[in-house]
Amino acid sequence: MHLLVENQLFTLLLIMTIGLLVGRIQIGGFRLGVAAVLFVGLGLATIEPDIALPAIVFIMGLSLFVYTIGLEAGPDFFSSMRTTGLRLNALAIGMIVATMAVGVGLLKFLGIDAASGAGVFTGAMTNTPAVVDTLTNMASAPEEVVAAESMPVVAYSLTYPLGVLGVILSVAVLSKVFRIDNDQEARDAGVAIQQLVTRRIEVTRRDLPTVTSLPHSLELDVIVSRIEHRGTLYIPEPGDTALVGDIISVVGTEEEVQRAEELIGEGLPGDPTHDDGLDFRRIFVSSPEMVGVPLAQLRSRLDGMLVTRVRRGDADMVATPDTVLQLGDRVRVVAEHDRLDRATRLFGDSYKRISDFNLLPLLAGLALGVVVGMIPIPLPGGTALKLGNAGGPLLVALILGAKGRTGPIVWQVPYGANLALRQFGITVFLAGIGTTAGAGFGKALQDPASLTIIGTGAVLTFLVSLLTLIVGHKLMKIPFGQVSGMIAGMQTHPAVLSYVSDQTKNELPSMGYTTVYPLSMVTKIICAQVLLFLLL
């Protein structure tokens with residue numbers, strides 16, 4: 001243990017390594033994944049409280065994790081707030097307030113003092129911002145409370161581990177009870193990875209709109225990549241209309257293409273991707289000039305070329321005029337053969353350039369997020385709320401991710417780099433926060449009142465987790481994966497998100513997490529103050 005105390009770098013790497021190995025162990029279909037790093041750090045620090053990691057290391061990991069999450073979720077976040085986002089946030093806020101109300105009654109019944117009660121609530125909800133600072137800044141607080149400002153930290157240390165593990169267990173158990181099919185949920189929600197097909201259709205319908213407005217008018221998620229008119233094959237331009245007897249090539253999922261056949265005409269045999277007139281090429285997007293703006297704005301640069309598909313990570317999607325490319329995407333371009341080399345130069349097609357991405361926008365955006373997190377927001381009672389090193393970067397990342405680019409600056413990070421940075425950030429953070437919580441955990445366990453505090457925190461954790469899952473999934477019919485991500489956002493804890501994402505292997509958890517995270521964090525901090533006042 002002496003080596004772990006003296007050499008912090010070795011300790012960090014060892015905790016990360018052991019944690020990732022433990023996370024791969026599967027028992028009855030359940031495994032912790034990267035969340036195991038937290039419990040390895042917690043265990044080592046409980047055994048040897050002098051084991052510690054520099055705070056800046058895991059704070060940087062946390063900020064990096066939430067920032068990369070925000071960049072990816074940004075394009076869909078603000079549009080969701082105008083539709084399902086309000087509903088999801090109403091559920092999250094309602095559950096947090098309900099948990100606080102139950103907490104006040106339970107803490108009073110058990111005779112737990114106000115300062116420790118604040119620590120129990122924040123530990124059970126895995127949220128610590130400004131608990132101690134709030135106590136010291138309350139000019140009207142009783143002297144005995146201010147003097148006991150360390151008590152919330154002790155109670156927090158006791159309830160925090162179950163605040164994480166309790167949520168993970170709730171998700172794991174209810175996913176079995178409800179017999180959740182994650183793949184089917186993803187398909188139903190439209191976020192599943194689906195294979196795209198291309199099919200030839202002979203037009204029999206006379207009132208078809210223009211080719212560019214056809215998908216919207218017929219409510220189809222497809223794109224017309226070719227038109228054959230009286231033996232002449234060409235790429236459709238804006239304003240072109242397919243006439244009766246024309247043969248069009250339609251790209252989309254199997255289901256959407258079949259719907260297109262029913263609405264447009266009659267399907268024909270043959271592979272439309274191989275012909276003498278037009279060819280296609282898959283090209284990596286590595287040129288910053290081609291990203292961050294809708295494809296419709298790139299039309300003038302794509303003369304005689306048409307982007308029909310975009311592959312991001314493992315997912316293929318139909319290219320639409322509103323599609324915004326990101327660095328690292330793979331596009332499928334249809335054009336005459338002699339134009340394909342020009343398309344390759346236009347999009348870049350450099351894997352090396354994608355890997356060696358520009359760090360400047362990432363660091364500048366992250367720095368801006370930290371600054372935003374430092375801005376105090378006044379609250380009743382003379383206290384102030386700060387978004388902190390997680391909330392600030394997340395908020396800024398959501399805005400920059402939605403914006404895409406500012407002049408020549410591209411805010412998005414290539415998909416592969418985003419995932420790598422995200423995984424590294426969460427692993428470093430969990431190692432650090434585990435040792436931080438574990439340092440006080442062993443000492444706090446020696447207090448006879450500790451079991452009461454742990455039990456109270458566990459009740460609050462399971463209450464918010466189980467109620468949210470049951471109400472959200474069963475009553476409000478929200479996909480289970482998305483509700484699980486919401487709980488991670490309500491807990492403002494990336495370990496829970498990492499576990500849920502590892503189980504679902506789709507984007508539903510991230511969608512739920514980013515939608516409720518900002519308001520949940522604000523709500524929990526306010527509720528902690530309200531709980532404190534009510535207990536006093």
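Numbering of residues begins at 1 and proceeds along the displayed sequence. Atoms considered below: every heavy atom in the structure, side chains included; atoms not considered: hydrogens, waters and symmetry mates.
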Is there a donor-acceptor contact under 3.5 Å from the side chain of Thr212 to the main chain of Pro238? no

All heavy atoms of Leu421 vs all of Leu64, minimum pair found to be O-CD2, 3.7 Å

*Any chance you could lay out the side-chain contact (heavy atoms from CB on, under 4.5 Å) test for Leu366 and Met60, step after step, and finish with the verdict?*
CA-CA 10 Å; Leu366 199 51; Met60 181 64 185; 3.7 Å; yes

**Q.** Contact check, side chains of Thr198 and Arg309, non-hydrogen atoms, under 4.5 Å
**A.** yes

- Query: Is the closest side-chain donor-acceptor distance between Arg422 and Thr427 under 3.5 Å?
  - Reply: no

Residues at least two apart in sequence or cross-chain that pass side chain to side chain donor-acceptor pair (under 3.5 Å) with His229, listed by chain then number, are Asp246

_I'd like to check Ser286 versus Phe347 (side-chain heavy atoms, cut-off strictly below 4.5 Å). Are they in contact?_
no

Discussion item. Has Arg405 got a side-chain atom pairing as donor or acceptor with Pro288's backbone, closer than 3.5 angstrom?
Written reply: yes

- [ ] For the pair Arg200 (side chain) and Pro269 (backbone), establish whether a donor and an acceptor sit closer than 3.5 Å, ignoring hydrogens and angles.
- [x] yes

Sequence neighbours excluded, the answer for side chain to side chain donor-acceptor pair (under 3.5 Å) partners of Glu237 is none

task = Report yes or no: does Thr253 contribute a side-chain atom to a donor-acceptor pair with the main-chain N or O of Glu256 at less than 3.5 Å?
result = yes

Contacts satisfying salt bridge (charged side-chain N to carboxylate O under 4.0 Å, His left out) that involve residues 477-489 (not counting sequence neighbours) are none

Interatomic distance, CD@Glu336 vs OH@Tyr234, rounded to 0.5 Å, equals 13.5 Å

Residues at least two apart in sequence or cross-chain that pass side chain to side chain donor-acceptor pair (under 3.5 Å) with Gln184, listed by chain then number, are Arg187, Asp188

Judged by atom type as modelled, is there a donor-acceptor pair below 3.5 Å linking the side chain of Thr308 to the main-chain atoms of Ser225?
no

Residues pairing under salt bridge (charged side-chain N to carboxylate O under 4.0 Å, His left out) where one sits in residues 493-508, two or more places apart or in two chains, turn out to be Arg31-Asp502

Applied to residues 410-420, the salt bridge (charged side-chain N to carboxylate O under 4.0 Å, His left out) test, sequence neighbours excluded, yields none

Result for side-chain hydrogen bond (donor to acceptor under 3.5 Å, both in side chains) between Glu254 and one of Arg199, Gln195, Arg259 points to Arg199

Those residues at least two apart in sequence (or on a different chain) that pass side chain to side chain contact (heavy atoms under 4.5 Å, CB included) with Ala402 are Phe78

By side chain to side chain donor-acceptor pair (under 3.5 Å), Thr323 pairs with (sequence neighbours left out) Thr320

| field | Thr68 side chain to Phe65 backbone, donor-acceptor under 3.5 Å | value | yes

d(Leu363 CG, Tyr67 OH) to nearest 0.5 Å is 9.0 Å

Output for pair (Leu174 CG, Ile470 CD1), nearest 0.5 Å, gives 5.5 Å

**Prompt:** With distance as the sole test, does Ser213 use its side chain to make a donor-acceptor pair with the main-chain N or O of Thr210 at under 3.5 Å?
**Reply:** yes

- Message: Can you confirm whether more than 12 heavy atoms, excluding those of Met476, are under 6.0 Å from its CE atom?
- Response: yes

Glu228 side chain to Ile247 main-chain N or O, any donor-acceptor pair under 3.5 Å?
no

Exercise for the section: Could you tell me whether a side-chain N or O of Asp240 sits under 3.5 Å from a main-chain N or O of Pro236, the two making a donor and an acceptor? Expected result: no

So Ile223 and Val307, side-chain contact (heavy atoms from CB on, under 4.5 Å) or not? Walk me through it. CA-CA 9 Å; Ile223 184 173; Val307 177; over 6 Å; no

Taken to the nearest 0.5 Å, the spacing of Leu327 CG from Arg312 CZ works out to 10.5 Å

_For a side-chain contact (heavy atoms from CB on, under 4.5 Å) check, start with the C-alpha distance between Val464 and Gln491, then their side-chain angles and the critical distance, and finish with the verdict._
CA-CA 9 Å; Val464 69; Gln491 294 289 99; 4.1 Å; yes

In short, salt bridge (charged side-chain N to carboxylate O under 4.0 Å, His left out) pairs touching residues 207-220 with sequence neighbours left out are Arg205-Asp207

The reported gap from OG in Ser520 to CD1 in Ile93 (rounded to nearest 0.5 angstrom) is 7.0 Å

Quiz prompt | Step-by-step side-chain contact (heavy atoms from CB on, under 4.5 Å) determination, Val333 to Phe280 | solution = CA-CA 5 Å; Val333 180; Phe280 73 89; over 6 Å; no

- Query: With a 4.0 Å cut-off, would you call Arg311 and Asp316 a salt bridge?
  - Reply: yes

Across all chains, not counting sequence neighbours, the ring pair (Phe, Tyr, Trp, His ring centres under 6.0 Å) partners of Tyr513 are Tyr517

inquiry  = Please check this pair: side chain of Glu266 against backbone of Ile201, looking for a donor-acceptor N/O pair closer than 3.5 Å.
reply    = no

Sequence neighbours excluded, the answer for salt bridge (Lys or Arg N to Asp or Glu O under 4.0 Å) partners of Arg330 is none

NE2 of His473 to OG1 of Thr468, rounded to nearest 0.5 Å, is 13.5 Å

Beyond-backbone contact of Leu362 with Leu359, side-chain heavy atoms, under 4.5 angstrom: yes

Sorted by chain and residue number, the ring pair (Phe, Tyr, Trp, His ring centres under 6.0 Å) partners of Phe284 (sequence neighbours excluded) come out as Tyr351

